[in-house]
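Here is the structure we will look at, set down as C-alpha cells.
Counting starts at 1 for both ligands and their atoms, in listed order. Note that the structure is a prediction, hence the values are computed from the model and not measured.
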Amino acid sequence: MKVFQIGAAGGVGRRLTQLLTARGDSVTGMHRGPDQGESVREAGGTPVIGDLIGDSVDDLVQKMQGHDAVVFSAGAHGTGMDKTTLIDGKGLQKAADAAALAGVTRFVLVSVFPDALRGGEAGEGFEHYIKVKKSADVYLTRTGLDWLIVRPGTLLDTPGSGRVTAGQAVEYGDVHRDDVAAFIDAALHEPRLSHLIVELTSGDTPVADAVARLAA
Ligand SMILES: NC(=O)c1ccc[n+]([C@@H]2O[C@H](COP(=O)([O-])OP(=O)(O)OC[C@H]3O[C@@H](n4cnc5c(N)ncnc54)[C@H](OP(=O)(O)O)[C@@H]3O)[C@@H](O)[C@H]2O)c1
C-alpha cells in the first residue's frame with residue numbers, strides 16, 4: 001500500500017511510518033518544517049514538505065496523487081485557537097477535498113474523544129479544539145471517502161503495551177502513542193473498518209484482536 005501521511009514528523013506520525021514501512025508499505029510523509037525531513041526518512045518514509053495552512057487544495061492533490069490511502073495526524077498542538085481552526089479544522093477539510101480529487105479514497109483521521117478532559121480543567125483553547133475536531137469529524141463523514149475516524153484518549157509517550165480498548169463508544173482514558181500507531185497500522189489494512197468512528201484507550205485486548213472484533 002502507498003500511504004500519504006499528513007503530520008508524519010509528529011508523535012503518532014513517526015511511529016506509524018515505522019510500522020507501515022516495516023510491513024512493506026511505502027510512505028510519503030508530509031511535514032512542515034524543512035528540518036523534519038530527516039526524521040521522516042529515519043522512520044522509513046519519503047519526506048515531502050507541505051503546509052496545511054499555506055498549501056492550496058490543488059497543491060495537496062499534486063502531493064497525494066498515486067497513493068492508496070491518506071492518514072491525517074496533524075494538529076496545531078495548543079499553538080492558538082486561530083491555528084487550531086486553520087490546521088485541525090480547515091486543514092482537514094482541504095486534505096479530504098484533495099484526497100477526493102486525487103482519487104485516494106481511503107482516509108484515516110486521528111481525532112479526539114469529544115468528552116476529553118471534562119470536569120472543568122479545560123480552558124477556552126481546549127474547548128475550541130474539541131469543537132473544531134468534532135466539526136472535522138462531521139465534515140469527513142459527509143464526504144464520499146472510505147473514511148475511518150480514530151478518537152484516541154490522552155496520548156502518552158511512554159512505551160505501549162500493544163493492548164487497547166477499542167469500540168464505537170468506550171470510557172475515556174489514556175492511550176500510548178505506540179498503541180495508537182499500531183491500531184491505525186492494523187486498521188488501515190482492514191477494509192471492513194470503513195465509515196466507522198472508533199474510540200481508543202489503553203486496555204486488555206491485543207491490537208490485532210481489537211481490529212478483528214470491530215471488523216466482524
Ligand atoms: N495530545 C493528546 O493527548 C491528543 C489526544 C487525542 C487526540 N490527539 C490528536 O492526535 C493527533 C496526533 O497527535 P501527535 O501527538 O502525533 O501530535 P504532534 O506530535 O503535535 O504532531 C502533529 C504534527 O502535525 C504537524 N503540523 C502542524 N501544523 C501543520 C501544518 N500546517 N501543515 C502540516 N503539518 C502540520 C506538526 O508539525 P510542526 O512540528 O511543524 O508543528 C506535527 O508534526 C493530533 O491530531 C491531535 O489533535 C491528541
Side-chain angles (χ1 to χ4, degrees), residues 4-19 27-40 42-43 45 47-57 59-60 63-64 70-96 98 107-118 121-122 125-137 139-140 148-158 160 164 166 170 172-185 197-202:
F4 188 85
Q5 280 186 239
I6 302 177
V12 170
R14 279 196 316 276
R15 289 165 169 86
L16 180 61
T17 303
Q18 285 170 351
L19 294 175
V27 170
T28 304
M30 183 171 124
H31 62 95
R32 162 163 84 158
D35 51 337
Q36 292 167 331
E38 197 45 45
S39 116
V40 172
E42 273 170 16
V48 60
I49 290 206
D51 183 342
L52 290 165
I53 299 175
D55 283 8
S56 66
V57 170
D59 293 333
L60 293 172
K63 288 167 192 166
M64 283 180 193
V70 173
V71 179
F72 186 111
S73 63
H77 198 68
T79 49
M81 287 196 274
D82 54 338
K83 295 287 191 311
T84 300
T85 301
L86 288 171
I87 297 165
D88 302 75
K90 292 192 187 326
L92 176 277
Q93 294 183 11
K94 277 188 192 176
F107 196 110
V108 179
L109 170 62
V110 180
S111 184
V112 67
F113 269 76
D115 47 338
L117 295 190
R118 295 298 88 185
E121 65 267 51
F126 193 81
E127 294 293 347
H128 178 71
Y129 163 70
I130 294 291
K131 280 190 188 137
V132 167
K133 292 292 267 190
K134 178 65 186 289
S135 296
D137 289 2
Y139 189 87
L140 188 61
L148 170 68
I149 294 169
V150 180
R151 293 177 173 166
T154 299
L155 298 174
L156 304 174
D157 267 337
T158 41
V164 294
V170 311
Y172 177 61
D174 296 340
V175 62
H176 300 271
R177 283 183 171 84
D178 285 349
D179 296 333
V180 176
F183 182 86
I184 295 171
D185 171 47
I197 297 176
V198 178
E199 297 185 343
L200 185 72
T201 64
S202 292

Review point. When you look at L109 and D137, which way does the side chain to side chain contact (heavy atoms under 4.5 Å, CB included) test go after all the steps?
Key: CA-CA 8 Å; L109 170 62; D137 289 2; 3.5 Å; yes

Practice item. Test side chain to side chain contact (heavy atoms under 4.5 Å, CB included) on R14 and Q5 and set out the steps. Key: CA-CA 9 Å; R14 279 196 316 276; Q5 280 186 239; over 6 Å; no

Exercise for review: Using the side chain to side chain contact (heavy atoms under 4.5 Å, CB included) rule, take V108 and F183 through it: C-alpha gap first, then chi angles, then the decisive distance, then the call.
Suggested key: CA-CA 11 Å; V108 179; F183 182 86; over 6 Å; no

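At least one heavy atom of G50 sits less than 4.0 Å from an atom of ligand 1. Residue contacts with ligand 1 do not include A8, since none of its heavy atoms lies under 4.0 Å from the ligand. In this structure, G91 falls outside the shell of residues with a heavy atom less than 4.0 angstrom from ligand 1. Using a 4.0 Å heavy-atom cutoff, K133 is listed among the residues neighbouring ligand 1. Contact analysis leaves F113 out of contact with ligand 1, as no non-hydrogen atom separation drops below 4.0 angstrom.
Separating the CD1 atom in I87 from the CZ atom in R32 is a distance of 4.5 Å, to the nearest 0.5 Å.
Residues R15 and D157 are paired through a salt bridge, judged by an N-O separation under 4.0 Å between the basic side chain and the carboxylate.
The heavy atom nearest to atom 20 (O) of ligand 1, considering only H77, R177, K83, is found in H77. The heavy atom nearest to atom 3 (O) of ligand 1, out of those in L155, L60, L92, is found in L155. Of all the listed residues (A74, G54, P34, G11), G11 holds the heavy atom that lies closest to atom 17 (O) of ligand 1.
At a heavy-atom cutoff of 4.0 Å, ligand 1 is contacted by no atom of A76, backbone or side chain. Only the side chain of Q36 comes within 4.0 Å of ligand 1, judged by heavy-atom distances. Using a 4.0 Å cut-off between heavy atoms, I87 contacts ligand 1 through its side chain alone, with no backbone atom that close.
What you find for G50 and K63 is that their closest heavy atoms are CA-NZ, 3.6 Å. Summarising the geometry of D115 relative to Y172, their closest heavy-atom pair is OD2-CB, 4.0 Å, with the distance given to 0.1 Å.
For ligand 1, the polar-atom distance check against V112 finds no nitrogen or oxygen pair separated by under 3.5 Å. At a 3.5 angstrom cut-off on N or O pairs, P152 does not count as close to ligand 1. Considering both main-chain and side-chain atoms, G75 comes within under 3.5 Å of ligand 1 through a nitrogen or oxygen pair.
Within ligand 1, the atoms closer than 4.0 Å to a non-hydrogen atom of S111 are 6 (C), 7 (C), 8 (N), 9 (C), numbered from 1 in the order shown.
When only modelled atom types and interatomic distance are considered, D82 and T85 share no side-chain donor-acceptor pair under 3.5 Å.
Residues H31 and I49 have side chains in contact (heavy-atom distance under 4.5 Å, counting atoms from C-beta outward).
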